[in-house]
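Each chain gets a letter, A, B and so on, in the order its sequence line appears, and its residues count up from 1.
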Number of protein chains: 2
Amino acid sequence: MDSVVAREQALDAAERLFYGRGVQSVGMDDIRGASGVSLKRLYQLFPAKEQLVEAYLERRDARWRQRLAEHVQRHEDPRERLLAVFDWLETWFGEEDFRGCAWINAYGELGATSPRVVAQVRGHKRAFRDYLAELVAGAGLDAGVTGPLFLLAEGAMVTAGITGSTAPAAEAREAARVLLRAG
Amino acid sequence: MDSVVAREQALDAAERLFYGRGVQSVGMDDIRGASGVSLKRLYQLFPAKEQLVEAYLERRDARWRQRLAEHVQRHEDPRERLLAVFDWLETWFGEEDFRGCAWINAYGELGATSPRVVAQVRGHKRAFRDYLAELVAGAGLDAGVTGPLFLLAEGAMVTAGITGSTAPAAEAREAARVLLRAG
DNA sequence: CGACCGAGAGAACGCACGTTCTCCACCGAA
DNA sequence: TTCGGTGGAGAACGTGCGTTCTCTCGGTCG
């Protein structure tokens with residue numbers, strides 16, 4: 001059935017609007033207007049707004065990690081792969097609609113009131129950290145460098161979002177290079 | 001007049017509630033209930049909720065940076081002072097009501113809709129970064145290490161908030177130590 | 001052809017909340 | 001004592017929004 005199409009369209013609109021303007025300032029009616037999916041259908045697909053938010057974060061998580069992995073896999077050298085993470089952050093930060101990390105923003109907006117959103121955010125960050133750990137292991141490095149690399153990446157995301165600059169990615173990459181050499 | 005007292009009480013309540021539950025889920029009536037300051041008075045002191053939010057962030061910024069500086073100043077050695085920043089982060093993360101960085105959270109919640117809040121957040125982060133730069137200069141280090149130290153601190157704040165653990169502070173401190181040695 | 005079923009448009013409902021207004025009790029001055 | 005004004009409690013107002021309901025219409029099956 002094309003309810004799967006409607007679902008995709010709803011999620012497309014939700015992602016664009018929630019990410020761009022924040023969750024709370026976007027009404028279900030805005031989603032309907034932007035997606036062309038009627039309210040009735042929206043509530044059939046997602047029994048409440050919170051579930052739409054959850055689905056938005058979930059789908060974005062899958063896509064985000066896949067895009068990152070695709071970029072990283074283009075490199076052969078295991079150490080280059082680690083640094084490629086920061087290169088990818090830079091291209092992400094430079095995208096026109098970049099407005100910071102969707103999960104960090106969602107945590108700031110809903111972390112105090114929605115446990116389900118908190119779970120999504122923790123899941124996403126854990127997955128990202130695990131992915132870094134894989135890359136670290138693949139490069140034969142001490143597992144202890146995973147934490148610092150993760151913190152550098154998180155700091156870069158937050159700072160790029162707040163300042164609207166891509167520079168934090170290069171800074172983080174440079175710091176990562178030093179850490180890998182010294183650690 | 002004790003309008004200055006009322007102002008302090010209002011800001012005390014605002015800080016407790018806004019930080020603990022997020023800005024949007026706290027109503028002006030909640031502020032009144034928690035502060036004992038009547039709505040009429042609240043609106044005399046702050047013409048709109050947004051200005052109360054602004055004042056909350058501003059006062060918290062002053063206090064936050066003073067607490068940090070006080071802790072750092074207890075150390076003599078300039079390099080120790082830099083590391084003391086991360087020690088202080090750890091005690092901050094361990095406070096009972098810690099819910100992440102108030103400015104990062106505020107940016108996530110209101111960054112898309114309130115330019116005044118964005119200005120507060122940028123101002124706070126710039127001040128923190130400038131303070132780190134001072135410490136770096138005082139230790140006779142290359143100014144280029146300021147950025148990485150800042151990113152480590154930001155990453156630690158965000159991660160401590162999301163995971164509810166103090167561990168990111170120690171991780172960041174250790175990474176900072178390595179960077180200072182290797183840079 | 002006619003009756004039913006699904007879906008869309010959008011009105012309606014209930015509630016929350018930012019902001020303002022009303023009413024009244026209190027207190028200092030003439 | 002009376003008058004004016006200050007401030008508090010809380011009702012009232014307007015709006016926005018999450019969610020549900022109604023009405024209508026097009027299509028499909030008997």
Side-chain angles (χ1 to χ4, degrees), chain A residues 1-57 105-106 108-117 120, chain B residues 1-57 105-106 108-117 120:
Chain A
M1 192 62 61
D2 57 13
S3 83
V4 52
V5 173
R7 191 187 155 88
E8 286 303 294
Q9 285 178 345
L11 286 174
D12 287 345
E15 178 158 7
R16 187 153 24 92
L17 295 176
F18 286 159
Y19 179 68
R21 314 198 330 229
V23 172
Q24 311 213 56
S25 76
V26 172
M28 292 298 277
D29 215 59
D30 297 322
I31 305 277
R32 173 183 98 183
S35 67
V37 177
S38 76
L39 277 183
K40 198 192 229 172
R41 198 103 129 152
L42 273 180
Y43 277 92
Q44 281 171 0
L45 294 164
F46 309 97
K49 188 184 183 185
E50 189 177 19
Q51 328 233 0
L52 178 56
V53 174
E54 226 180 322
Y56 141 62
L57 290 175
N105 290 347
E109 193 173 354
L110 304 166
T113 54
S114 168
R116 311 183 68 152
V117 167
Q120 283 290 329
Chain B
M1 194 59 62
D2 57 11
S3 82
V4 51
V5 173
R7 192 186 153 89
E8 286 303 294
Q9 285 179 344
L11 286 174
D12 287 345
E15 178 158 6
R16 187 153 26 92
L17 295 176
F18 285 159
Y19 179 68
R21 313 199 329 229
V23 171
Q24 311 213 56
S25 76
V26 171
M28 292 298 276
D29 215 60
D30 297 322
I31 304 277
R32 172 183 99 183
S35 67
V37 177
S38 75
L39 275 184
K40 198 192 228 171
R41 198 105 129 157
L42 273 180
Y43 277 92
Q44 281 170 1
L45 295 165
F46 309 97
K49 188 184 183 184
E50 189 178 19
Q51 328 233 359
L52 178 57
V53 175
E54 225 179 322
Y56 141 62
L57 289 175
N105 290 348
E109 193 173 355
L110 304 166
T113 54
S114 167
R116 311 183 69 153
V117 166
Q120 283 290 329

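- Partners of B:Gln51 according to the side-chain hydrogen bond (donor to acceptor under 3.5 Å, both in side chains) rule, which considers only residues two or more places apart in sequence or in another chain, do not exist here.
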Throw together a table of side-chain donor-acceptor distances under 3.5 angstrom for residues 26-39 of chain A, partners on residues two or more places apart or in other chains.
from: A:Asp30; atom 1: OD2; to: A:Arg21; atom 2: NH2; distance (Å): 3.4
from: A:Asp30; atom 1: OD2; to: A:Gly27; atom 2: N; distance (Å): 2.9
from: A:Ser35; atom 1: OG; to: A:Ile31; atom 2: O; distance (Å): 2.7
from: A:Ser35; atom 1: OG; to: A:Val37; atom 2: N; distance (Å): 3.1
from: A:Ser38; atom 1: OG; to: A:Arg41; atom 2: N; distance (Å): 3.3

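- Note that CG of A:Asn105 and CD of B:Glu109 are 11.0 Å apart. Values are rounded to the nearest 0.5 Å.
- Shown here are the side-chain contact (heavy atoms from CB on, under 4.5 Å) partners of A:Ala112, two or more places apart in sequence or in another chain: B:Arg99.
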Nucleotide by nucleotide, 5' to 3', does protein get under 4.0 Å of the base (B), only the sugar-phosphate (S), or neither (-) in nucleotides 9-21 of chain C, counting heavy atoms? -B-------SBB-
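- Screening residues 9-37 of chain B for ring pair (Phe, Tyr, Trp, His ring centres under 6.0 Å), with sequence neighbours left out, gives B:Phe18-B:Tyr56.
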Heteroatom pairs (N/O) under 3.5 angstrom, protein to nucleotides 24-28 of chain D:
none

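- Residue pairs meeting the side chain to side chain donor-acceptor pair (under 3.5 Å) criterion with at least one partner in residues 7-17 of chain B, sequence neighbours excluded, are B:Glu8-B:Arg59, B:Asp12-B:Arg59, B:Glu15-B:Arg59, B:Glu15-B:Arg60.
- Taking CD from B:Gln120 and OG from B:Ser114, the interatomic distance works out to 9.5 Å, rounded to the nearest 0.5 Å.
- The side chain to side chain contact (heavy atoms under 4.5 Å, CB included) test with A:Val23 is passed by exactly one of A:Val53, A:Leu17, A:Leu52: A:Val53.
- Side chain of B:Glu54 to backbone of B:Arg116: no donor-acceptor contact under 3.5 angstrom is found.
- Looking at residues two or more places apart in sequence or on another chain, you find no side-chain hydrogen bond (donor to acceptor under 3.5 Å, both in side chains) involving A:Gln44.
- When the C1' atoms of four end pairs are superposed on the next four at each end of the helix from C:dC1-D:dG30 to C:dA30-D:dT1, using five pairs per end, the two resulting axes differ in direction by 30°, to 10°.
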